[in-house]
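Structure record follows, encoded as structure tokens.
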Amino acid sequence: MPFVRIDLIRGRRPEELRAIADATHRALVDVLAIPERDRFQVITEHDADHVIALDAGLGFERSDRLVMIQIFTQSGRTTEVKQRLFQAVAERLEPLGVSGEDVFIGIVENGPQDWSFGFGRAQYTEGDLAVPGR
């Protein structure tokens with residue numbers, strides 16, 4: 001059950017925002033094998049001067065088409081799987097006009113005890129939901 005935050009610079013049309021969200025979700029479904037309806041995303045647009053994303057010394061420039069994606073998910077996936085996910089997201093965003101240098105992704109891992117889907121309850125730890133991968 002990933003929770004995904006997508007941050008980008010203001011100015012895209014609503015259908016572009018949805019396409020970016022859809023492409024990101026498709027990569028998660030395909031690579032992490034999550035259920036199609038396990039979709040929790042928040043898209044936030046920012047003024048251009050409120051986003052700073054340099055190249056970390058890699059030698060490329062980012063544009064105003066930058067898409068920053070933060071994926072909160074349960075721990076346990078291998079480095080190889082994470083690398084496949086990074087690649088899958090980038091490949092799905094490219095046809096939408098987001099070049100590789102403008103795709104920034106971070107994964108934040110946690111455990112089943114760190115999730116509540118509603119009612120102030122921890123559904124994984126209380127047994128209402130099966131813990132993914134177990």
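Arg62 is linked by a salt bridge (charged side-chain N to carboxylate O under 4.0 Å, His left out) to nothing, counting only residues two or more places apart in sequence or in another chain. With sequence neighbours left out, Arg65 forms a salt bridge (charged side-chain N to carboxylate O under 4.0 Å, His left out) with Glu16. For Arg12, there are no salt bridge (charged side-chain N to carboxylate O under 4.0 Å, His left out) partners two or more places apart in sequence or in a different chain. Looking at residues two or more places apart in sequence or on another chain, you find a salt bridge (charged side-chain N to carboxylate O under 4.0 Å, His left out) between Arg10 and Asp47. Every residue two or more places apart in sequence or in another chain that forms a ring pair (Phe, Tyr, Trp, His ring centres under 6.0 Å) with Phe3 is listed here: Phe72.
Separating the CD atom in Gln41 from the CD1 atom in Ile20 is a distance of 11.0 Å, to the nearest 0.5 Å. One distance of note links CD1 of Ile6 with CD of Glu45; it measures 11.5 Å at 0.5 Å rounding.
Scanning all heavy atoms of the two residues, the minimum distance from Pro2 to Leu32 falls at CG-CD1, 4.4 Å. Listed here is the closest heavy atom pair of Arg5 and Thr44: NH2-OG1, 3.5 Å. Residues Leu66 and Ala53 approach most closely at CD2-CB, 3.5 Å, considering heavy atoms.
Taking the side chain as every heavy atom from C-beta outward, Arg77 and Leu85 never approach each other to under 4.5 Å.
The number of heavy atoms from other shown groups lying within 6.0 Å of CZ (Phe104) does not exceed 12.
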Please tabulate, for side-chain N and O atoms in residues 105-113, each donor-acceptor pair with protein atoms closer than 3.5 Å (sequence neighbours left out).
from: Glu109; atom 1: OE1; to: Lys82; atom 2: NZ; distance (Å): 3.3
from: Glu109; atom 1: OE2; to: Lys82; atom 2: NZ; distance (Å): 3.1
from: Asn110; atom 1: OD1; to: Trp115; atom 2: NE1; distance (Å): 2.8

Practice task
Show your reasoning for whether side-chain contact (heavy atoms from CB on, under 4.5 Å) applies to Val31 and Val89.
Solution key: CA-CA 10 Å; Val31 176; Val89 171; over 6 Å; no
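No donor-acceptor pair closer than 3.5 Å links the side chain of Arg26 to the backbone N or O of Asp22.
The cluster map of Ile, Leu, Val, Met, Phe, Trp and Tyr, joined by side-chain heavy atoms under 4.5 Å apart, puts Leu93 and Leu8 in the same cluster.
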